[in-house]
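First the structure, in the form of structure tokens, and then the observations on it.
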2 protein chains.
Amino acid sequence: MEKLMTITELGDELGLTPRAIRFYESKGLLSPGRVGSNRVYNYRDRARLKLIVRAKRLGFSLSDIAEYLDLYRSDPQQLEQRQLLIAKVRARIAVLEQQKIDLTTTLDELYEIERQATAESASVG
Amino acid sequence: MEKLMTITELGDELGLTPRAIRFYESKGLLSPGRVGSNRVYNYRDRARLKLIVRAKRLGFSLSDIAEYLDLYRSDPQQLEQRQLLIAKVRARIAVLEQQKIDLTTTLDELYEIERQATAESASVG
DNA sequence: AGCCTACTTTACGCATACGTCAATTGTTTT
DNA sequence: AAAACAATTGACGTATGCGTAAAGTAGGCT
């Protein structure tokens, strides 16, 4: 039988408050089981939440993330579904590839600032 | 003499509304010149705004960006200033490097989903 | 002069993403 | 059993990032 976690345990592990986790659930991003009235999270719930956290670090909104999670769930049996899936995935990829460019540019700038600052630190300090 | 732009010209070029640009100014991210009461933007203002747009695509908040812009402006003459600058730059770098990891992971997942979907598209469709 | 257009400030509105009580309930510890 | 603790569901509050009138001004066209 699988190990189950409480909401605070899960929150502590992933750096989230119970309030945040419940909020994500209210937006349809999670649907954990219950024991009585208490929420219980299994490893799949946990993996899902980790994915949410990762997407949030990338700056995605919760509704973005909801759509992103749908990509996993969508059934590619129907041709129309599949085409839609592919289109959505490619749209997300495009956004992320742009983000990659932005990231590289910004990191280059920051490393340059750091280089100059440490250089002055060596000569002046 | 340098060419100056109006707020709508600049907005059109960078995909922003005048409202957004004024809002950034109200948060201290920009300080364009004036001709009468009208704002005028030079190339430095434009470069600054492009940097803001890029940072926003990376999911940074405006106050994050304000601090980020300070990194350029900060005077590394004073040792204390310089140490602070280096520390802040390194903190930003750490965030962005984490973001890079998240980005790579997420892109890998998306490309995998796309691969599977197109594969089914070839065999089934 | 009168009008249109572009700009200005001020102000209220709104969606997102939670924080923070409040009141209640079930569990566990003493 | 009483107290303390962990969880629950509302409900209201708040910061961010603008959108959207509203009301006024300044310049150019007919």
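So that the names make sense, note that chain A is the first sequence line, chain B the second, and so on, each numbered from 1.
- Every residue two or more places apart in sequence or in another chain was checked for a side-chain hydrogen bond (donor to acceptor under 3.5 Å, both in side chains) with B/Tyr41, and none qualifies.
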Atom pairs under 3.5 Å: protein N/O with N/O of nucleotides 20-23 of chain D:
residue	atom	partner	partner atom	Å
D/dT20	O4	B/Arg19	NE	2.9

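- With values rounded to the nearest 0.5 angstrom, B/Asp102 atom CG is found 12.5 Å from A/Lys56 atom NZ.
- Rounded to whole Å, the distance from CG on B/Leu29 to P on D/dC18 is 10 Å.
- Distances shorter than 4.0 Å separate some side-chain N or O of A/Tyr24 from OP1 or OP2 on C/dC18.
- Remark: B/Tyr111 OH to B/Arg115 CZ distance equals 14.0 Å, nearest 0.5 Å.
- When the side-chain nitrogen and oxygen atoms of A/Lys56 are compared with OP1 and OP2 of C/dT16, none of them lie within a distance under 4.0 Å.
- For the pair B/Thr6/B/Asn38, no side-chain contact is recorded, criterion being any heavy-atom separation below 4.5 Å from C-beta on.
- Per the geometry, CZ belonging to A/Arg22 stands 14 Å off P belonging to C/dC18, to the nearest Å.
- A/Leu96 has its side chain within reach of A/Phe60: a pair of non-hydrogen atoms, C-beta onward, lies under 4.5 Å apart.
- Looking only at distances, no side-chain donor or acceptor of A/Arg46 sits under 3.5 Å from a matching main-chain atom of A/Leu10.
- Following rounding to the nearest Å, A/Phe23 (CZ) and C/dG19 (C1') show an atom-to-atom distance of 11 Å.
- Following rounding to the nearest Å, A/Ile21 (CD1) and C/dA17 (C1') show an atom-to-atom distance of 14 Å.
- Contact check of residues 32-46 of chain A against DNA chain D (heavy atom, cut-off under 4.0 Å) returns A/Arg34, A/Ser37, A/Asn38, A/Arg39.
- Taking the charged nitrogens against the carboxylate oxygens, A/Arg73 and A/Asp70 do have a contact shorter than 4.0 Å, which makes a salt bridge.
- With rounding to the nearest 0.5 angstrom, the OG1 atom of A/Thr17 is 8.5 Å from the CZ atom of A/Arg22.
- Crowding of A/Gln78 atom CD: a count of heavy atoms from other residues, nucleotides or ligands under 6.0 Å not exceeding 12.
- Classification of A/Arg54 and B/Glu109 as a salt-bridged pair holds, one side-chain N sitting under 4.0 Å from a carboxylate O.
- Of the candidate nucleotides C/dG19, D/dG17, C/dC7, C/dG19 has the atom lying nearest to any side-chain atom of A/Ala20.
- At a threshold of 4.0 Å, the pair A/Glu25-A/Arg34 counts as salt-bridged, since one of the basic side-chain nitrogens sits closer than that to a carboxylate oxygen.
- Residues satisfying the salt bridge (charged side-chain N to carboxylate O under 4.0 Å, His left out) criterion with B/Asp12, sequence neighbours excluded, are absent altogether.
- For the segment residues 61-70 of chain B, residues with any heavy atom less than 4.0 angstrom from an atom of DNA chain D are, sorted by number, B/Ser61, B/Leu62.
- The backbone N or O of B/Leu58 lies less than 3.5 Å from a partner atom in the side chain of B/Gln99, making a donor-acceptor pair.
- Within residues 5-18 of chain A, the residues having any heavy atom closer than 4.0 Å to DNA chain D are, in order of number, A/Thr6, A/Ile7, A/Thr8.
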